[in-house]
Colleague: 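Sharing a structure with you now.
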Amino acid sequence: MTREDAATIFERIALLLELKGENTFKVRAYRTGAEIVESFSGDIMQMAAENQLAGIKGLGEALRDKLHEMATTGKLEFYEKLKAEFPDTLFDLFDVPGLGPKKVAALHIELGVSSIADLKRACESGEAAKLSGFGGKTVEKILDGIAFREQHAAEFRQDQVHALAQEILEALRQHPHVSHAEVCGSFRRGKETVHDLDFLVSTKHPEEVIDSFVQLPIVVDVIAKGPTKASVHATHGVQCDLRAVSRKEFPFALVYFTGSKEHNVVIRQRALARGWSLNEYAFTPVPDHADAPVIPPVHDEAELYRALDLDFIDPELRENKGEIEAAEHGGLPHLVQLENLRGVFHNHTTASDGGATLREMAHAAHELGLQYLGIADHSKSSFQANGLNEQRLLAQIEEIQALNEEMKEEGFRIFTGSEVDILKDGSLDFSDEIMSRLDYVVASVHNVFNLPEAEMTKRIIRAIENPNVTMLGHLTGRLLLQRPAYNVNIAAVIDAAAETGTIIELNASAWRLDMDWRWWKLAKEKGVKCSINPDAHSTHGLQAVIYGIKAARKGWLTRKDIINCLPLGQIEEALRAKRAR
DNA sequence: GCCGTTTTCGGCCCGACTGTTTTCAGTCG
């Protein structure tokens, strides 16, 4: 059992206890437990198995025992019994915005609602609206929520499929008959969500490779299986497809299955213009095309593009959004790579809602090979996140200064910052006097999401007009597959950022990836700088930069567009630039 | 269920917003 599984079980226990009307503090204890398990620095499951969990704040005797049971037996008796009292599909109801434990309980007990389908029926029949505490607006909101959910059915965020993709790829590459293996599709293109994983191998023995693919331990059930192709459901219900081709076909299949469809259409048209037809296996001469040039040999993707007089196009750019035109005349950007990052901003510690201490975060960042770490804990208005007031912030600054002294010899630096709430009217949660004492400020919206677009836009622009606001956090507040972006005029905010010299964050959390990749090309053209921010709430959370890098690449960004590619010695000036204007 | 301790049980994080109410419960961050 992995830590994620254990955390999920604690989370579900919390939900079920809430449903049963248990003491809210007991519920909270399980929820806190889930967070601790999720973000603990160290192998918590191994420690649980060895009864080495004593002394961790928030994990008392009861939760320690339960963790031990899960780590050693792979299940939890307490949870199994609790779970048996309710249908499995009931959990889905909590994903609908506006539905919490009380409303779910009422729906379940009074109307026998157990699934999304039941819920939809109860809303449409008018039954739900009759329940105490329910009304027309509530039902409307629920139906909207169901529709949003259906739109995103069977989609997954990158954090949900990343490890799985790597695991399958590794298994395929280790197969003795596989010469090349790649993940294709939207995963390879770095999309923020994917609906399946497409794998491609080159082999002389396709049937043997397919056979071993459908027998991988992560396979839950086999949907289809033929001599060169198979589809399976893997862990968490992710559909995984495998195609096997020959070595010669591989580059063609790789382009074909990487897509996007729109990109491929243009590529095929381009081939046709030369008198060649292009499919997933080869270029073939079009009959009766008199002056078709000779088809050159193609051993890899770069040669395929070259054959069409194009520079190699990175998979992330293959969306038919100008990449083909740019590839014609050497206009493609040299995309940023993970290795270019020198530090990270916007990280939390135990001072607010993070799971790791300042020291743990600093050492983890140093260990990752970074030169600096920016701390930006929540400000006082974010009560739910234990936001810092002025006094606690000043104390943290001192703590950081002391730790900086200690780590100076290692060439590592911590920058003092804060994630300051943008209040409803666009004013900020800290005074200019306090903010000016920080190395940098991230300003973010954390409440009142439902303003009309004009008002929200005005609110955000007012905030970034403050010279102390170094960068703007998660511009739209979206949570992928869960909550849509709030209404805001992104183009207007980009303009204001350009005008005021404000950096815009690319929040790298797999839940956010906000600002969206589709806007970065425009931002870059306007001269707005990007900061790839992991928004880490634990040492593990720092790893989110891998998702941020993908999104940045998808947004045509190079290391020159991203301030945290600047090394120590240059980054300081970049942080000061706006105040100096 | 956890914590801290005044070692045996009381307190635990706060506020805005929404929609349904007629003074507030539920949800969310």
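Just so it is clear, the model here is predicted, and its values are computed rather than measured. Below, chains carry the letters A, B, ... as their sequence lines are ordered, and counting in each starts from 1.
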Colleague: Test the A/Lys66-A/Phe10 pair against the cation-pi criterion, namely NZ or CZ under 6.0 angstrom from the six-membered ring centroid and within 45° of the ring axis.
Modeller: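 Checked: cation-pi criterion not met.
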Colleague: Identify whether any heavy atom of A/Asn386 sits under 4.0 Å from a base atom; if not, whether one sits that close to sugar-phosphate; answer base, sugar-phosphate or nothing.
Modeller: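 Counting heavy atoms under 4.0 Å across all strands, no contact is made by A/Asn386.
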Colleague: Are any of A/Lys424's side-chain N or O atoms less than 4.0 Å away from OP1 or OP2 of B/dC17?
Modeller: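 Answer yes for this pair, as a side-chain N or O of A/Lys424 is under 4.0 Å from OP1 or OP2.
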Colleague: For the side chain of A/Lys57, starting at C-beta, report the closest nucleotide among B/dG4, B/dC14, B/dC2.
Modeller: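 Selected nucleotide: B/dG4.
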Colleague: A cation-pi test, strictly: NZ or CZ of A/Arg342 under 6.0 Å from the centre of the six-membered ring of A/Tyr372 and no more than 45 degrees from its axis. Yes or no?
Modeller: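 Output no; distance or angle outside limits.
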Colleague: Check whether any side-chain heavy atom of A/Ile504 sits under 4.5 Å from a side-chain heavy atom of A/Met471, and report yes or no.
Modeller: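 With C-beta onward as the side chain, the pair stays apart.
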Colleague: For a quick check of understanding: with a heavy-atom distance under 4.0 Å over all strands, which category does A/Ile56 fall into, base, sugar-phosphate or nothing?
Modeller: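 It contacts sugar-phosphate atoms only.
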Colleague: In the strands shown, is B/dT8 matched to any nucleotide by a Watson-Crick or G-U wobble pair with both distances under 3.5 Å, and which?
Modeller: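 Check on B/dT8: unpaired, no WC or wobble geometry under 3.5 Å.
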Colleague: Tell me whether the OP1 or OP2 atom of B/dC13 has a side-chain N or O from A/Arg28 closer than 4.0 Å.
Modeller: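 For A/Arg28, the contact criterion (side-chain N or O under 4.0 Å from OP1 or OP2 of B/dC13) is met.
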Colleague: What does nucleotides 19-28 of chain B look like as a protein-contact string, B for base, S for sugar-phosphate only, - for none, at under 4.0 angstrom between heavy atoms?
Modeller: SSS----SSS
Colleague: Which is it for B/dT20, anti or syn, if anything within 90° of zero counts as syn?
Modeller: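 Classified anti.
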Colleague: In whole angstrom, what separates A/Ile142's CD1 from B/dT18's C1'?
Modeller: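 From A/Ile142 CD1 to B/dT18 C1': 13 Å.
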Colleague: Within 45 degrees of the axis of the six-membered ring of A/Phe187 and under 6.0 Å from its centre: does A/Lys550 put its NZ or CZ there?
Modeller: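 Cation-pi check for A/Lys550 and A/Phe187: passes.
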Colleague: Where the side chain of A/Leu63 is concerned, which of B/dC2, B/dA16, B/dC14 is the nearest nucleotide?
Modeller: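 Of B/dC2, B/dA16, B/dC14, B/dC2 is nearest to the side chain of A/Leu63.
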Colleague: From B/dG4, B/dC14, B/dG1, pick the nucleotide closest to the side chain of A/Tyr30?
Modeller: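 In terms of side-chain proximity for A/Tyr30, the closest of B/dG4, B/dC14, B/dG1 is B/dG1.
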Colleague: State which residue, out of A/Arg31, A/Lys102, A/Lys103, fulfils the salt bridge (charged side-chain N to carboxylate O under 4.0 Å, His left out) condition with A/Glu18.
Modeller: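 Only match with A/Glu18 under salt bridge (charged side-chain N to carboxylate O under 4.0 Å, His left out): A/Arg31.
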Colleague: Below 30° counts as parallel, above 60° as perpendicular, anything between as tilted: where do the rings of A/Phe86 and A/His108 land?
Modeller: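 Plane angle between 30° and 60°, so tilted.
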Colleague: Using whole Å, report how far CG of A/Asn389 lies from C1' of B/dC14.
Modeller: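 Taking atom C1' of B/dC14 as the reference, CG of A/Asn389 is at 14 Å.
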Colleague: Roughly how far apart are A/Thr416 OG1 and A/Asp377 CG, rounded to 0.5 Å?
Modeller: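 The distance works out to 12.0 Å.
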Colleague: A/His446 or A/Asn450: which one's nearest nucleotide on DNA chain B is closer to the 5' end?
Modeller: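 Upstream on the strand: A/Asn450.
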